[in-house]
2 protein chains.
Amino acid sequence: MPPIKLSSSLRMAVAALHKGLRKQASYTSSYSMTELETIGFISRNNDILASELASLTRITTQSMSQILKKFESQGLIARTGSSDDKRKMHISLTPAGEKLVKQNRYERDAFLQKRIETLLTDKEVALLEKVVPILDKLAAAD
Amino acid sequence: MPPIKLSSSLRMAVAALHKGLRKQASYTSSYSMTELETIGFISRNNDILASELASLTRITTQSMSQILKKFESQGLIARTGSSDDKRKMHISLTPAGEKLVKQNRYERDAFLQKRIETLLTDKEVALLEKVVPILDKLAAAD
DNA sequence: TAAAACTTGTTAGTTTACCTTACAAATATA
DNA sequence: TATATTTGTAAGGTAAACTAACAAGTTTTA
């Protein structure tokens with residue numbers, strides 16, 4: 001396959017899949033893809049900083065600030081000031097936030113999981129598993 | 001790998017990659033991802049209908065109407081009424097539209113292509129080629 | 001065959017998910 | 001110690017989608 005064709009078809013596949021996933025996410029959870037990512041990062045990485053979350057999710061710190069404001073107003077996260085640097089605010093999940101993550105973690109990806117299970121053969125699933133880190137590599141570059 | 005972990009990591013990889021691609025597209029071409037997809041579909045499928053384009057790109061016919069309006073005002077497409085059904089409008093590229101497609105086709109994906117070439121091994125590229133149709137399958141389902 | 005229902009497409013107005021600009025406050029550097 | 005950088009927030013703007021409402025043509029049905 002000529003390389004330009006590979007990149008073009010990969011782009012189209014990613015765009016189509018993303019569109020479907022976003023639609024499904026909005027269907028089931030009232031949070032955007034980035035908001036779901038954000039809360040996932042907080043749950044896996046306690047006392048993380050707003051700037052770190054922004055860089056992980058590839059949005060500006062200003063946008064992340066808005067998301068965190070929303071989460072805080074809903075009682076999902078708590079901020080604790082850092083002792084060594086008074087500008088820094090460590091972010092962590094409240095019990096309510098933990099509960100929401102737990103409730104949603106499985107439900108959130110159930111849709112995609114079901115598609116994988118019903119549409120793909122075992123061999124295709126194995127291939128897919130191998131490719132995820134490759135996609136990560138392509139996405140990670142700056 | 002447990003299936004829920006695969007779907008979760010696939011979702012995150014797709015989201016990250018899509019975000020990067022969208023940013024790059026806006027950087028180089030002043031057309032959105034969906035607009036680029038749309039013009040690609042028209043060039044590959046002459047005399048297509050607006051409703052078909054909407055379904056292919058997974059947006060509403062109303063949104064597609066806006067995109068086509070923009071393209072028409074820029075002289076990129078032409079509409080010709082159907083003889084068998086007067087509601088239907090067949091859409092095709094004008095010479096100016098063809099020119100734009102040709103100019104942009106390679107440039108558009110050069111960024112991703114370069115990443116693939118510089119970041120991945122031959123083996124990884126081969127894997128990626130095999131997986132693109134699998135991603136299409138996951139995306140295609142309704 | 002006339003009325004009802006559906007299809008195709010448009011316009012208008014709204015929402016969402018980001019962004020940029022501007023700023024405050026704390027910290028690091030010259 | 002003045003200047004630059006970092007961390008975070010607030011306000012306002014924008015792109016790309018959406019829903020609602022409608023017009024006009026076509027198909028179904030009573």
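Naming: A, B, ... by sequence-line order, numbering from 1 per chain.
- B:S32 comes within 4.0 angstrom of sugar-phosphate atoms only, judged by non-hydrogen atoms across all strands, and of no base.
- The aromatic rings of B:H18 and A:H18 sit parallel to each other, their planes meeting at less than 30°, with 60° as the upper class boundary.
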> Run the side-chain contact (heavy atoms from CB on, under 4.5 Å) check on B:Y31 and B:L100 step by step: do they pass?
Replying inline: CA-CA 12 Å; B:Y31 289 106; B:L100 185 135; 4.2 Å; yes
> Yes or no on side-chain contact (heavy atoms from CB on, under 4.5 Å) for A:V131 and B:L135, after CA distance, side-chain angles and deciding distance?
Replying inline: CA-CA 11 Å; A:V131 160; B:L135 294 178; 5.8 Å; no
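- Toward the 5' end of DNA chain C, the nearer of the two residues A:S30 and A:S83, judged by each one's closest nucleotide, is A:S30.
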>> Between A:I39 and A:L93, is the side-chain contact (heavy atoms from CB on, under 4.5 Å) condition met? List the steps.
In response: CA-CA 8 Å; A:I39 211 143; A:L93 291 180; 3.9 Å; yes
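- Here the shortest heavy-atom pairing between A:T61 and A:S51 reads CG2-CA, 4.1 Å.
- Between the two ends of the helix from C:dT1-D:dA30 to C:dA30-D:dT1, each summarised by a five-pair axis, the helix axis turns through 10° (rounded to 10 degrees).
- In this model, a donor atom of one side chain and an acceptor atom of the other lie less than 3.5 Å apart for B:Q113 and B:E117.
- Atom pair B:I59:CD1 and D:dT19:C1' shows a separation of 14 Å (rounding to whole Å applied).
- Taking both residues in full, the closest heavy atoms of B:N46 and B:S92 are given as OD1-CB, 3.4 Å, listed atom of the first, atom of the second, then distance.
- In this structure, B:K70 atom NZ and D:dA17 atom C1' are separated by 13 Å, rounded to whole Å.
- Nucleic acid contact class of B:T34 (heavy atoms, under 4.0 Å, all strands): sugar-phosphate only.
- OP1 or OP2 of D:dA17 has not a single side-chain nitrogen or oxygen of B:T60 nearer than 4.0 Å.
- Contacts between chain A and DNA chain C, taken as any atom within less than 4.0 angstrom of a protein heavy atom, begin and end at C:dA17 to C:dT27.
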> Just by protein heavy atoms under 4.0 Å, how would nucleotides 7-13 of chain D read 5' to 3' in B, S and -?
Replying inline: SSBB---
